[in-house]
> 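Quick one: this structure, given as structure tokens, is what I'll be asking you about.
Remember, it's 1-based here, ligands and their atoms both numbered in the order they're listed.
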Amino acid sequence: MLVAVPKEVYPGERRVALIPQTVSALIKAGLEVAIEAGAGESANYPDKDFEAQGARVELDRHSLLAQADIVLMVRGPGSYPDFPAADLDALKEGSTLISFTEPLAQPEIMRELAERKLTVFSMELMPRTTRAQSMDALSSMATIAGYKAVLAAADASPKLFPMFMTAAGTITPSRVFVLGAGVAGLQAIATARRLGAVVEAFDIRPAVKEEVESLGAKFVQLELESGEAQDSGGYAKAQSEDFYRRQQELMAERIKHSDVVITTAAVPGKKSPVLIPEEVVASMRPGSVIVDIAAEKGGNCAVTKPGEKIIHKGVIVIGPLNISAEVPVHASQMYAKNISTFLLHMVKEGKLELDLEDEITKGALVAHGGKLVHQAVVDALGK
Ligand code: NAD
């Protein structure tokens, strides 16, 4: 079976779905691998390195996609509005696509893929279980985003992060507040701590308190009645407008006195809750920085402009999009590991064999046999 890796075409996308080091494992499993010429270039993986590991390099994208039995991408259909129609038309009936696809936000596109008789796996739907950990691309990318967000904040801040005791006096450390302590938030905490900042964090899931503290940050307790904060999968549940208003009020003082705020709060399949209203931004000292990683899903801060760095009443507000693509070497390395482990999980003797009873295979499967097969995506379509 031929596994194809086209070059990513989304503007600014520098990642690639496979790197040379992952090719040999696929070949050993009895698969053939072909990449589009230049697929890894923007992530610093030249064609010749793929070839050295046994991959073929194809010049013609259409022909590559048309031959493929399995297509691996970072940003597949659904993950951005202008996904090339020519790519979709090129994919052959019965072939399998594995990529990010935003299935809950774009259920109509998932239905179209099903109607085209494609088998589609969404990397976003990978179960967050111990067994699937090595295939969990959301966690990989969130780790990078949390790290990079702190570097962006440190770079934009007019202050130093660490404490310095110098002959020219003592510099007090920056105060960093991390909102949302999931994978990205925890990495943001760790990175800010490594840079020497004093870090506080809040999450509506009280379960993360220990993790926050183990990284040397203070877990902020807010008097909030969240009822059930998380679902059975460990994800945060959406809360009422009243709840978010109360949360905004309780956090206002804390944010006002922070030099840097990193926001990562997300609820799967929903727009991110607005947790920092305009007046709270305006209350911060000039030169304070907010990096809103939730910008891709609307943002946690009311003044965030997704994809932009703005100055609002003296406060620098950064709304990064596709932040993990800014670290393409390691983002691709991690993604390639995740996607190839997942693929190999389903390959037996050089053939793709779907065990629809397997929780990992079933969990990530969106479309198969001409139908939408993932209940959450079917439900999203009905909404
Ligand atoms: P996410 O990106 O969906 O959300 C980021 C964080 O925002 C979460 O911690 C969430 O609780 C928090 N949040 C939501 N609303 C908030 C609010 N109003 N105020 C403050 N914080 C708010 O989360 P994620 O990083 O993808 O992690 C989700 C869950 O998955 C966690 O329980 C995590 O431990 C779990 N997980 C498990 C595995 C595994 O076992 N393999 C891997 C990764 C993540």
Side-chain angles (χ1 to χ4, degrees), residues 100 102 104-105 122-147 149 177-190 200-212 214-215 217 219-252 254-255 261-277 280 291-302 323-324 334 337-338 341-342 345 359-360 363-364 376:
F100 284 127
E102 294 283 345
L104 298 178
S122 292
M123 291 302 281
E124 291 95 333
L125 295 176
M126 198 61 70
R128 309 302 279 280
T129 58
T130 309
R131 245 184 99 219
Q133 231 162 12
S134 56
M135 312 172 205
D136 181 358
L138 276 187
S139 286
S140 301
M141 298 305 117
T143 300
I144 292 176
Y147 161 83
F177 180 58
V178 176
L179 183 50
V183 181
L186 290 171
Q187 188 52 238
I189 293 169
E200 293 182 322
F202 173 72
D203 195 294
I204 53 166
R205 293 181 299 116
V208 296
K209 179 173 185 283
E210 253 175 59
E211 285 172 88
V212 167
S214 73
L215 292 169
F219 187 80
V220 172
Q221 304 276 5
L222 300 180
E223 282 181 25
L224 275 167
E225 267 307 318
S226 60
E228 290 211 332
Q230 68 182 57
D231 63 18
S232 56
Y235 283 109
K237 280 184 159 180
Q239 306 290 324
S240 67
E241 281 309 311
D242 271 353
F243 176 94
Y244 289 136
R245 208 166 306 121
R246 175 110 181 98
Q247 184 180 352
Q248 288 176 4
E249 286 164 17
L250 291 171
M251 291 189 316
R254 191 87 40 183
I255 292 172
V261 179
I262 310 281
T263 65
T264 76
V267 178
K270 301 247 166 18
K271 225 171 149 275
S272 295
V274 175
L275 301 171
I276 309 180
V280 174
V291 179
D292 190 351
I293 313 190
E296 225 149 275
K297 297 241 160 68
N300 291 142
C301 170
I323 192 166
S324 46
M334 291 164 88
K337 174 73 183 169
N338 296 144
T341 306
F342 177 52
H345 174 71
E359 56 137 6
I360 298 175

> Quick one: does any side-chain atom of Tyr244 pair with a main-chain N or O of Gln239 as donor and acceptor, under 3.5 Å?
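At least one qualifying donor-acceptor pair exists.
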> Are more than 12 heavy atoms from other residues, nucleotides or ligands located less than 6.0 Å from atom CD of Glu210?
no
> Tell me the residues surrounding ligand 1, counting only those with a heavy atom closer than 4.0 angstrom, sorted by chain and number.
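Its neighbours under 4.0 Å (heavy atoms only) are Arg128, Thr129, Gln133, Asp136, Ser139, Leu179, Gly180, Ala181, Gly182, Val183, Phe202, Asp203, Ile204, Arg205, Gly234, Tyr235, Ala236, Tyr244, Gln247, Thr264, Ala265, Ala266, Leu275, given by chain and number.
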> Short question: side chain of Asn300, backbone of Ala265 - any donor-acceptor pair under 3.5 Å?
yes
> Just by modelled atom types, is the Tyr147 backbone N or O under 3.5 Å from a matching donor or acceptor in the Gln187 side chain?
no
> Hey, is CZ on Phe342 packed in by over 12 heavy atoms from elsewhere, all under 6.0 Å?
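It does: Phe342 CZ has more than 12 such atoms within range.
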> What heavy-atom pair brings Val212 and Ala181 nearest, and what distance separates the two atoms?
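Shortest heavy-atom contact: CG2-CB, 3.7 Å.
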